[in-house]
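Keep in mind the model is a prediction, meaning the values are calculated, not measured.
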Amino acid sequence: MSSGSDGGGGAAVAARSDKGSRGEDGFVPSALGTRKHWDAVYERELQTFREYGDTGEIWFGEESMNRLIRWMQKHKIPLDASVLDIGTGNGVFLVELAKFGFSNITGIDYSPSAIQLSGSIIEKEGLSNIKLKVEDFLNLSTQLSGFHICIDKGTFDAISLNPDNAIEKRKQYVKSLSRVLKVKGFFLITSCNWTKEELLNEFSEGFELFEELPTPKFSFGGRSGNSVAALVFQKM
């Protein structure tokens, strides 16, 4: 997915809006949570890339990528560790990982156009050690498993906005994550829809908080907080 900056992605506006009918979990269902929406987005972005070479924007901005890579370097994650980017979108984060020397990286997205776009960008960068797959994370093939690191920047946010039983889809997301991530493996999530406390609740089964990453703060009406939550979980 692409759009937004570290100050918050487009999904956040729909998520906590006072307008519309809220679901049981407090979120307003939105087209941002549907495959049809993202297929259309990436079909447009693929056409734009082919015509102008524009790779598109980065979900949560460039700093969000650097924050995660700094964490991986700080904790001396081996460069050959298996890394999965969940909902890779235009694949720009995969490119950054490869440039920093990571050699066993995989990107998945349920939108074929997103995988086509990321493949074209990766080819333009002259990179060949990146694996791409069209995969719905909620309905995974048996081939995906055994990852040391799983990364999510906005995919869980989008799932939370799905008009069709988002609560069950979030539960399935956690099950899929538990399946693909190794024991003691790390899950790095960046969200503009969920607070730290809410994410701790969502991933309470089988995961524990390893670290909270610093994100930009905002102040409004005498109150302050974080517009983005970035957490590292470890699978138990």
Side-chain angles (χ1 to χ4, degrees), residues 1-4 8-45 59-60 84-90 106-115 118 133-145 147 150-181 185 187-209 227-231 233 235-236:
M1 299 168 197
S2 64
S3 184
V13 176
R16 302 292 187 178
S17 172
D18 291 330
K19 298 178 181 179
S21 176
R22 291 177 180 269
E24 293 178 25
D25 53 3
F27 286 99
V28 179
S30 167
L32 288 164
T34 66
R35 182 182 302 194
K36 181 180 179 181
H37 170 83
W38 292 108
D39 279 340
V41 166
Y42 288 114
E43 285 169 11
R44 291 194 302 270
E45 291 201 2
W59 188 255
F60 297 120
L84 177 66
D85 188 22
I86 302 167
T88 196
N90 59 15
T106 301
I108 62 170
D109 204 293
Y110 65 11
S111 170
S113 295
I115 294 301
S118 54
K133 296 182 180 181
V134 178
E135 285 273 5
D136 181 351
F137 194 64
L138 304 185
N139 297 282
L140 288 173
S141 67
T142 57
Q143 300 173 343
L144 283 176
S145 63
F147 287 93
C150 288
I151 295 169
D152 181 320
K153 294 197 302 97
T155 298
F156 189 71
D157 281 353
I159 288 171
S160 303
L161 303 179
N162 193 291
D164 183 21
N165 206 350
I167 294 176
E168 286 303 315
K169 284 179 166 58
R170 296 203 315 267
K171 291 178 180 178
Q172 182 56 50
Y173 181 103
V174 177
K175 291 179 182 178
S176 295
L177 178 64
S178 183
R179 182 181 137 193
V180 300
L181 190 60
F187 171 54
L188 286 65
I189 181 169
T190 303
S191 170
C192 61
N193 286 353
W194 297 87
T195 65
K196 171 187 174 181
E197 290 71 23
E198 289 170 334
L199 288 172
L200 288 174
N201 183 62
E202 290 291 312
F203 294 93
S204 61
E205 189 171 336
F207 300 88
E208 72 173 11
L209 181 65
S227 55
V228 173
L231 304 179
F233 288 93
K235 181 181 172 181
M236 304 313 295

- [ ] Assess the side chains of Ser191 and Asp157: does a donor N or O sit below 3.5 Å from an acceptor N or O?
- [x] yes
TODO: Among Ile86, Leu188, Thr88, find the residue that satisfies the side-chain contact (heavy atoms from CB on, under 4.5 Å) test when tested with Ile151.
DONE: Leu188
Task: Which atom of Leu181 lies closest to which atom of Cys150, heavy atoms considered - done: CD1-SG, 3.8 Å
Task: Partner set under side-chain contact (heavy atoms from CB on, under 4.5 Å) for Ala230, not counting sequence neighbours - done: Arg67, Thr190, Leu213, Thr215
TODO: Calculate, to the nearest 0.5 Å, the distance between atoms CG and CD belonging to Asp136 and Gln172 respectively.
DONE: 9.0 Å
TODO: Mind checking the CG-OH spacing from Asn139 to Tyr110? Nearest 0.5 Å is all I need.
DONE: 11.5 Å
Open item on the list: A side-chain contact here means heavy atoms from C-beta on lying under 4.5 Å apart; do Leu200 and Phe233 qualify?
Closed with: yes
TODO: Could you tell me the separation between the CD1 atom of Ile159 and the NZ atom of Lys171, rounded to the nearest 0.5 Å?
DONE: 14.5 Å
Open item on the list: My understanding is that only residues two or more places apart in sequence, or in another chain, count here; which of them pass salt bridge (Lys or Arg N to Asp or Glu O under 4.0 Å) with Glu208?
Closed with: none
Open item on the list: My understanding is that only residues two or more places apart in sequence, or in another chain, count here; which of them pass side-chain contact (heavy atoms from CB on, under 4.5 Å) with Ser204?
Closed with: none
Open item on the list: Show the nearest heavy-atom pair for residues Leu199 and Ala229, with the distance to one decimal.
Closed with: CD1-CB, 4.1 Å
- [ ] Mind checking salt bridge (Lys or Arg N to Asp or Glu O under 4.0 Å) for Lys196 and listing every partner two or more places apart, or none if nothing turns up?
- [x] Glu212
Open item on the list: Distance check, rounded to the nearest 0.5 Å: Leu231 atom CG versus Ile189 atom CD1?
Closed with: 7.5 Å
Open item on the list: With rounding to the nearest 0.5 angstrom, report the CZ to CG distance, Phe156 to Leu177.
Closed with: 9.5 Å
Task: Any residue meeting salt bridge (Lys or Arg N to Asp or Glu O under 4.0 Å) with Lys169, in chain and number order, not counting sequence neighbours - done: Asp164
Task: Expected output: side-chain Ser178 to main-chain Lys175 donor-acceptor under 3.5 Å - done: no
TODO: List for me each residue that meets ring pair (Phe, Tyr, Trp, His ring centres under 6.0 Å) alongside Phe147, sequence neighbours excluded, and say none if there are none.
DONE: none
TODO: Kindly say whether Gly89 contributes a backbone atom to a donor-acceptor pair with the side chain of Asp109 at under 3.5 angstrom?
DONE: yes
Open item on the list: Please enumerate all residues that pass side chain to side chain donor-acceptor pair (under 3.5 Å) together with Asn201, with sequence neighbours excluded.
Closed with: none
- [ ] Can you sort out the partners of Gln143 under side-chain contact (heavy atoms from CB on, under 4.5 Å), two or more places apart, ordered by chain and number?
- [x] Lys133, Ser141
Open item on the list: Is the shortest side-chain heavy-atom distance between Phe207 and Val174 below 4.5 Å?
Closed with: yes
- [ ] With sequence neighbours excluded, tell me which residues meet side-chain contact (heavy atoms from CB on, under 4.5 Å) with Leu140.
- [x] Ile108, Glu135, Phe137, Leu144, Ser176, Arg179, Val180
